[in-house]
Amino acid sequence: MNYRTFGNTGIRLSALGFGAMRLPEDDDEAIRVMHRAFDLGVNYIDTAPGYGESEVRVGKAVASHPNRDGIHISTKNPLQDDTAKGWRERLERSLERLGVPKIHFYQSVHGLNWKAYEENFSVSGAVQEALKAKEEGLIGHICFSFHDSAPNLMRLADTGIFEGCTVQYNLLDRSLEDAISYVQEQGMGVVVMGPVGGGRLVAPSENVRQVMGAEEPNTPRIAMRFVLAHPGVTTAISGMSTLEMVEENVQTASDASVLSPEEWRSVLESAGKLKNMSDLYCTGCGYCMPCPHDVNIPENFRMMNMHRVWGQTDSARWRYGRFEPAGRIKGKPASECVACGECEPKCPQHIPIIEQLKATHEALGE
Ligand code: SF4
Ligand code: SF4
């Protein structure tokens, strides 16, 4: 296992982190899977109150492992109200569920964005509560998990409050690439969630394989190596539910050290070419939204790019069938466009949106 230093904290975390969001249903099996990861050197485990019984099971697994003192727990505070008291109560509940006196890396807001920071976290007294909890030794490091744009990630780093963040970054979504370097320069540690694109990079893809060179045929491994090759990334967390997944991921995270600076540059160059191809179609900026008929234009084009640029056709088709209410993707599929034309003048890429939505449905609607 490789270890990297988490920002300015001096703490060495394993390059692979354990994501405890989809543990096996059976308690004993869940603990076996977590213990196997700890045995193989994983020393960072990420959970959340919203992951069912995960906090309780993580607490049990850590407490019953011989390396319990060397394992770093991360959990999150969902911003359910705008009171400091509520924030503190949620922290105390997590400590109780985990059965620990201290949470090492506390994502003091789950899914933070700039608006929530400005209108809630920074003015509700929660920041002071977080600093107080750190002083009391209830939390080790004040971090956040993040769902927003690159400029807003940098703005959050500039506040100087946070020591680390958990962000989305993978071969299919590189929008935070430069911002990750920026926050690293500010002394923050960076944990990446979704290194295999929320499962979208699990399917084999010839295009993705070419990005990393012909010698590597395994797409998820390529995806993990890509994330770990970013010099700003401390740890990539992978949701693991079987012993096989643990062993394969550990092997990948251990191999990642062999990616030389030349290889990393060549990966960036190849990935850049693919990214440029997808930019031709849609950058995901969202300026065309909202659609009066609730078509989720950027998401439809993202799926189209998965098919057309990345060759991930099966995954793209599967996702296309997952708009609400059948799945959890917000808005409507391309087939619901009535060609009113309201969106097209707003697109800075001058994409013929109506025509491209039609093509999207033709390609993915089957
Ligand atoms: S043209 Fe289609 S996608 Fe664009 S605003 Fe109208 S219905 Fe929505
Ligand atoms: S405005 Fe254009 S580039 Fe931006 S999300 Fe909409 S279609 Fe894509």
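Both ligands and their constituent atoms are indexed starting at 1 by order of listing.
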message: What I want to check is whether the side chains of Asn300 and Thr360 have a donor and an acceptor closer together than 3.5 Å.
response: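 Short answer, no.
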message: Please report whether the ring centroid of Tyr44 lies less than 6.0 Å from that of His72.
response: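 Here the rings of Tyr44 and His72 have centres that are no less than 6.0 Å from each other.
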task: Indicate, with yes or no, if the rings of Phe6 and Phe105 have centres closer together than 6.0 Å.
output: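 Yes, ring centres under 6.0 Å apart.
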Tell me the protein heavy atom at minimum distance from [atom], and give that distance in Å.
{"atom": "atom 8 (Fe) of ligand 1", "value": "Cys291 SG, 2.4 Å"}
{"atom": "atom 4 (Fe) of ligand 1", "value": "Cys343 SG, 2.3 Å"}
{"atom": "atom 1 (S) of ligand 1", "value": "Gly341 N, 3.3 Å"}
{"atom": "atom 2 (Fe) of ligand 1", "value": "Cys337 SG, 2.4 Å"}
{"atom": "atom 6 (Fe) of ligand 1", "value": "Cys340 SG, 2.3 Å"}
{"atom": "atom 7 (S) of ligand 1", "value": "Val338 N, 3.4 Å"}
{"atom": "atom 3 (S) of ligand 1", "value": "Leu357 CD1, 3.6 Å"}

- prompt: Counting only heavy atoms, which portion of Ile354 has something under 4.0 Å from ligand 1: side chain, backbone, both, or neither?
  reply: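 Contact part for Ile354 vs ligand 1: side chain (C-beta onward).
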Ion pair [X]/[Y], N-O distance below 4.0 Å:
{"X": "Glu163", "Y": "Lys134", "value": "yes"}
{"X": "Arg32", "Y": "Glu29", "value": "yes"}
{"X": "Arg155", "Y": "Asp148", "value": "no"}

field: Element-labelled atoms of ligand 2 that are located less than 4.0 Å from some non-hydrogen atom of Gly286
entry: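 Those atoms are 4 (Fe), 5 (S).
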task: May I ask you to list the atoms of ligand 2 that are less than 4.0 angstrom from any heavy atom of Phe301?
output: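 Counting atoms of ligand 2 from 1, those under 4.0 Å from Phe301 are 7 (S).
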query: Just which atoms of ligand 1 are under 4.0 Å from any heavy atom in Pro292?
result: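 Those qualifying, in numeric order: 5 (S).
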task: Mind telling me whether Tyr320 and Phe323 have parallel, tilted or perpendicular rings, with 30° and 60° as the class edges?
output: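 Taking Tyr320 first and then Phe323, their aromatic rings stand perpendicular (interplane angle over 60°).
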- prompt: Does Cys347 bring an N, O or S atom to within less than 2.8 Å of atom 2 (Fe) of ligand 2?
  reply: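 Within the cut-off used here (under 2.8 Å), Cys347 does place an N, O or S atom near atom 2 (Fe) of ligand 2.
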task: Let me see the working for Thr75 and Glu55 under side-chain hydrogen bond (donor to acceptor under 3.5 Å, both in side chains), right down to the final yes or no.
output: CA-CA 8 Å; Thr75 191; Glu55 283 189 326; 2.6 Å; yes
